[in-house]
2 protein chains.
Amino acid sequence: MNISRAAVLSGVSAKMIRHYESAGLVPAAARNGSGYRVYSMDDVHRLAFIRRARAVGFGTPDIRQLLSLWQNRRRPAREVKRLAVEHLAQLQTRIADLEAIADTLSHLIGHCHGDERPDCPILDSLAADDRQPAASASSKPRQAGKK
Amino acid sequence: MNISRAAVLSGVSAKMIRHYESAGLVPAAARNGSGYRVYSMDDVHRLAFIRRARAVGFGTPDIRQLLSLWQNRRRPAREVKRLAVEHLAQLQTRIADLEAIADTLSHLIGHCHGDERPDCPILDSLAADDRQPAASASSKPRQAGKK
DNA sequence: TCTTGACCTTCCCCTGATGGGAAGGTCAAG
DNA sequence: CTTGACCTTCCCATCAGGGGAAGGTCAAGA
């Protein structure tokens with residue numbers, strides 16, 4: 001089958017199929033006489049696997065490893081679990097970071113009256129000096145020797 | 001002062017100061033006789049404002065608007081609050097998405113024994129067929145007329 | 001005065017996943 | 001043969017940065 005059919009069956013756009021090929025996530029597709037890429041159902045399954053792995057947030061290097069573990073009949077489940085646990089930890093870190101930002105923001109929003117008046121704690125907070133005065137050095141101290 | 005001093009005082013790297021200039025977030029800096037960029041404390045404050053806005057996750061277009069609201073003495077706080085509320089909503093959407101992914105992943109992890117055996121529900125789930133069979137069409141139905 | 005090295009400039013490439021679009025070749029139906 | 005749906009490769013853009021090269025400028029010390 002051609003690439004667009006493989007795209008429909010796998011749920012991965014033709015654009016991304018070519019991209020995964022150039023990124024080495026999938027082996028270079030076979031070609032027919034006119035240079036068109038030709039796919040088998042095995043290829044489609046592999047692409048769908050990639051789509052699902054991406055849907056749970058795995059990045060290219062992780063997916064590469066997952067694919068090779070998937071191919072290998074004798075893989076230990078331990079390896080797969082380790083990858084997943086690491087990835088989950090990263091996700092949780094990102095979530096916590098975003099939550100901290102959201103908390104800050106909603107705090108600011110709660111203090112802003114939000115009417116016609118120009119005074120606004122949100123802007124005030126963005127404009128506030130949050131860095132300590134950096135000791136001395138008046139203008140251009142052309143470092144005597146930094147590192 | 002030169003760009004590296006402005007970078008230290010504002011907490012924005014010299015690289016990013018140039019980037020913000022080319023992106024139009026800050027007006028083109030004044031130049032001295034040799035073409036070096038020259039900054040005032042006003043410029044530094046503006047850069048620090050950008051840094052803080054980025055720290056709460058605002059993107060370039062939002063920051064552009066926040067800066068112009070900040071400059072304008074007669075702005076209504078309403079405008080600022082609206083931007084912040086919109087941005088918060090986007091943050092919460094992203095957080096919810098990530099949490100859904102994390103939940104899925106931790107569910108899978110919980111079902112994986114993670115030892116030497118090769119059977120692994122994580123890989124099984126990534127390999128599982130999750131798309132309905134797409135009706136018919138056997139091979140290459142070269143569309144008679146799609147859209 | 002010359003040397004040195006810290007600083008400045010512009011320009012280009014990289015990230016990661018994805019899409020848009022152009023230029024040009026192929027194929028099948030009418 | 002024409003048409004248009006499909007395929008190919010290549011380049012560009014996103015976002016918020018960072019890395020680094022090539023080359024000009026400046027100030028301090030010998």
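B/S13 pairs by the side chain to side chain contact (heavy atoms under 4.5 Å, CB included) definition with B/K15, B/M16, not counting sequence neighbours. A/H19 is linked by a ring pair (Phe, Tyr, Trp, His ring centres under 6.0 Å) to nothing, counting only residues two or more places apart in sequence or in another chain. Under the side chain to side chain donor-acceptor pair (under 3.5 Å) criterion, B/R54 pairs with no residue, sequence neighbours left out. Listed by chain and number, the residues in a side chain to side chain donor-acceptor pair (under 3.5 Å) with A/Q65 amount to none (sequence neighbours excluded).
Across B/R18 and B/I3, no two heavy atoms sit closer than the pair CG-CD1, 3.7 Å. Contact record, B/I17 with B/S10: CD1-OG, 4.4 Å, taken as the closest heavy-atom pair.
Distance, A/R51 CZ to C/dT18 C1': 16 Å, rounded to whole Å. Atom CZ of A/R94 and atom C1' of C/dG16 are 11 Å apart (whole Å).
Remark: DNA chain C forms stems of 3 or more consecutive Watson-Crick or G-U wobble pairs, all pair distances under 3.5 Å, at C:1-30 with D:1-30.
Side-chain contact between B/V44 and B/R5 is absent, with no heavy-atom pair separated by less than 4.5 Å. Using a 4.5 Å heavy-atom cutoff, the side chains of B/R64 and B/L25 are in contact.
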What does the B/S/- profile of nucleotides 7-19 of chain D look like, 5' to 3', with a 4.0 Å heavy-atom cutoff to protein? SBB------SBSB
